[in-house]
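Here is the structure we will look at.
Since the model is a prediction, treat every value here as computed from it, not as a measurement.
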Amino acid sequence: MSNPLKPRIDEILDGYDPTQLTIGTLGGHSGLDVCRGAKRAGFRTLAVCMRGRDKTYSEYYRSRNGKGCVDDIILVDHFRDIVREDIQEELRKRNTIMMHNRYFWVYCDWEKTESELAVPIYGTRTMLKLEERDVPGNQYEILKEANIRYPRLYNSPEEIDRLVIVKVAEAARGYERAFFYADSPDDYRKQSGELLKKGVITEDGLSKSVIEEYIVGVHINFNYFWSVIENELEIMGTDTRRQTNLDGLLRLPVPQQMKVLEYLEPKYIENGHIACTTKESIIEKIFEMGEKFVSTTQRIHPPGMIGPFALQCAISAGPPKEEAVVFDVSMRIPGSPLTIFTPHSSYLYGESISYGDRIAMEIAAARDQNRLKEICT
């Protein structure tokens with residue numbers, strides 16, 4: 001997967017003052033964690049913020065009087081304006097290295113970000129779109145090539161022979177999914193018909209949906225870091241999701257759940273994460289799964305994974321034994337800073353560190369070893 005901008009990015013890095021690097025992020029998702037880590041490592045920090053939703057960065061957590069972590073902001077009318085030449089010029093003038101996060105895919109014109117954003121990005125810019133299930137070479141293809149278990153996929157509703165989850169885009173917000181469950185072709189038609197009638201989904205969205213075997217098990221996100229500088233994989237931590245309004249619904253007794261479902265559709269919008277630990281006996285399996293994923297991306301999508309990524313799993317009980325089944329992949333920094341509250345990074349570094357800390361450590365090491373071109377695309 002070629003990156004036509006790479007020669008220019010290398011040239012831009014040659015022109016940067018390595019003693020005056022700025023770590024940049026879009027104002028949202030994991031921006032504060034990135035800025036905190038960068039600030040602790042001695043970098044200047046910058047957030048590109050959308051006008052009207054910038055106070056988190058321009059006011060509450062701005063750097064002042066020894067407090068805060070956001071040194072500068074650039075205001076735009078919309079995140080996709082980051083490809084404007086004047087914005088790019090300002091970023092380059094500040095020796096900025098931008099961080100990958102999902103905002104680039106959700107809010108920006110990704111084709112333009114890939115081909116026109118002439119600012120170094122930490123990570124592999126051409127891989128972020130592979131999180132989507134309707135693009136060539138997507139996460140399913142990587143998992144299959146890596147021989148990592150993922151849920152069975154169904155080509156049509158007529159194939160449904162067990163409980164499935166249907167992942168279809170919301171009509172109102174295409175970047176959120178209006179999941180529904182079905183256990184037969186007739187059940188699929190009934191459930192989808194009700195959602196179409198209510199306007200929750202569209203026919204076009206339904207035609208592009210993914211029908212996936214539903215794995216009954218505990219959900220755990222395995223959050224990794226592939227260090228190009230150290231040439232090794234690290235587990236940053238593990239967490240699980242809190243979703244609106246699903247979590248509130250699940251807290252009700254079953255009779256009340258049934259009554260609520262008569263007038264309310266379950267939503268799966270992420271509103272938070274909970275740090276959770278895993279038993280030590282599965283750590284080796286977690287590493288093996290992450291290493292297979294990294295080596296596969298290096299082979300089929302060179303240069304492959306750089307820095308943070310996550311494999312989101314359901315741990316099934318078996319038989320014959322417990323198994324981690326990957327139902328989603330994050331090919332950039334996950335949206336949760338909770339890794340600092342799990343012990344995995346402390347086993348390596350003596351204290352728990354966040355993704356923001358680890359990214360800053362990697363950039364500092366690459367700068368000191370004159371290897372920034374290996375981690376920026």
Side-chain angles (χ1 to χ4, degrees), residues 1 26 28-29 50 77-83 101-116 125-144 150-215 241 243-246 249 261-271 312 326-332 335:
M1 187 175 298
L26 295 180
H29 193 267
M50 192 185 298
D77 292 327
H78 196 282
F79 285 123
R80 61 174 170 263
D81 293 338
I82 193 172
V83 298
N101 69 41
R102 183 161 168 76
Y103 269 36
F104 273 112
W105 181 255
V106 171
Y107 295 108
C108 299
D109 182 326
W110 186 249
E111 289 185 2
K112 288 187 176 181
T113 304
E114 277 195 4
S115 60
E116 298 180 19
R125 73 166 68 199
T126 55
M127 285 187 64
L128 186 53
K129 64 176 177 286
L130 302 183
E131 292 184 13
E132 301 304 310
R133 292 164 169 80
D134 58 353
V135 299
N138 62 37
Q139 59 172 281
Y140 291 132
E141 295 186 28
I142 298 173
L143 293 170
K144 181 179 180 180
Y150 60 92
R152 175 184 170 184
L153 302 177
Y154 293 80
N155 294 319
S156 81
E158 302 308 316
E159 297 179 359
I160 297 174
D161 60 355
R162 67 192 73 181
L163 183 64
V164 300
I165 183 169
V166 183
K167 299 179 176 180
V168 53
E170 277 190 6
R173 296 169 298 177
Y175 57 87
E176 295 289 358
R177 297 189 183 102
F179 296 162
F180 68 91
Y181 302 92
D183 59 14
S184 68
D186 287 343
D187 193 25
Y188 173 95
R189 286 187 281 270
K190 176 185 176 183
Q191 302 292 340
S192 60
E194 290 176 356
L195 293 174
L196 287 167
K197 186 176 180 180
K198 293 176 181 177
V200 176
I201 62 175
T202 65
E203 289 282 4
D204 181 61
L206 189 62
S207 70
K208 298 175 181 177
S209 65
V210 172
I211 305 173
E212 191 178 275
E213 169 193 13
Y214 183 76
I215 305 297
R241 300 174 174 184
Q243 295 169 310
T244 297
N245 52 12
L246 180 65
L249 186 64
L261 287 172
E262 292 177 6
Y263 61 85
L264 180 148
E265 294 293 337
K267 300 285 186 181
Y268 300 81
I269 303 167
E270 287 192 43
N271 274 254
Q312 299 171 25
V326 179
F327 63 83
D328 209 357
V329 179
S330 298
M331 303 199 202
R332 33 71 195 175

Give a yes or no on whether a salt bridge exists between [X] and [Y], defined as a side-chain N under 4.0 angstrom from a carboxylate O.
X: Lys129; Y: Glu111; value: no
X: Glu212; Y: Lys167; value: yes
X: Arg80; Y: Glu116; value: no

No-hydrogen, no-angle side-chain donor-acceptor test under 3.5 Å, Glu132 and Trp105
yes
What I want to check is whether the side chains of Tyr154 and Arg162 have a donor and an acceptor closer together than 3.5 Å.
yes
Can you tell me how far [atom2] of [Y] sits from [atom1] of [X], rounded to the nearest 0.5 angstrom?
X: Asp328; Y: Leu143; atom1: CG; atom2: CG; answer: 9.5 Å
X: Leu249; Y: Thr244; atom1: CG; atom2: OG1; answer: 11.5 Å
X: Gln139; Y: Met331; atom1: CD; atom2: CE; answer: 5.5 Å

With a 3.5 Å distance limit and no angle check, can you tell me whether [X] reaches the backbone of [Y] through a side-chain donor-acceptor pair?
X: Asn138; Y: Arg133; result: yes
X: Arg125; Y: Thr113; result: yes
X: Glu114; Y: Trp110; result: no

For atom CD of Glu158, is the number of surrounding heavy atoms from other residues, nucleotides or ligands below 6.0 Å larger than 12?
yes
Within a reach of under 6.0 Å around NZ of Lys190, are more than 12 heavy atoms found that belong to other residues, nucleotides or ligands?
no
Any idea how [X] and [Y] line up, ring-wise: parallel (<30°), tilted (30 to 60°), or perpendicular (>60°)?
X: Tyr188; Y: Phe180; answer: tilted
X: Tyr103; Y: His29; answer: perpendicular
X: Phe79; Y: Tyr107; answer: tilted

Would a line drawn from the ring center of Phe327 to the ring center of Tyr150 be shorter than 6.0 Å?
no
Show the nearest heavy-atom pair for residues Asp183 and Ile160, with the distance to one decimal.
C-CG2, 3.6 Å
Tell me every residue that passes side-chain hydrogen bond (donor to acceptor under 3.5 Å, both in side chains) with Asp109, counting only those two or more places apart in sequence or in another chain.
none
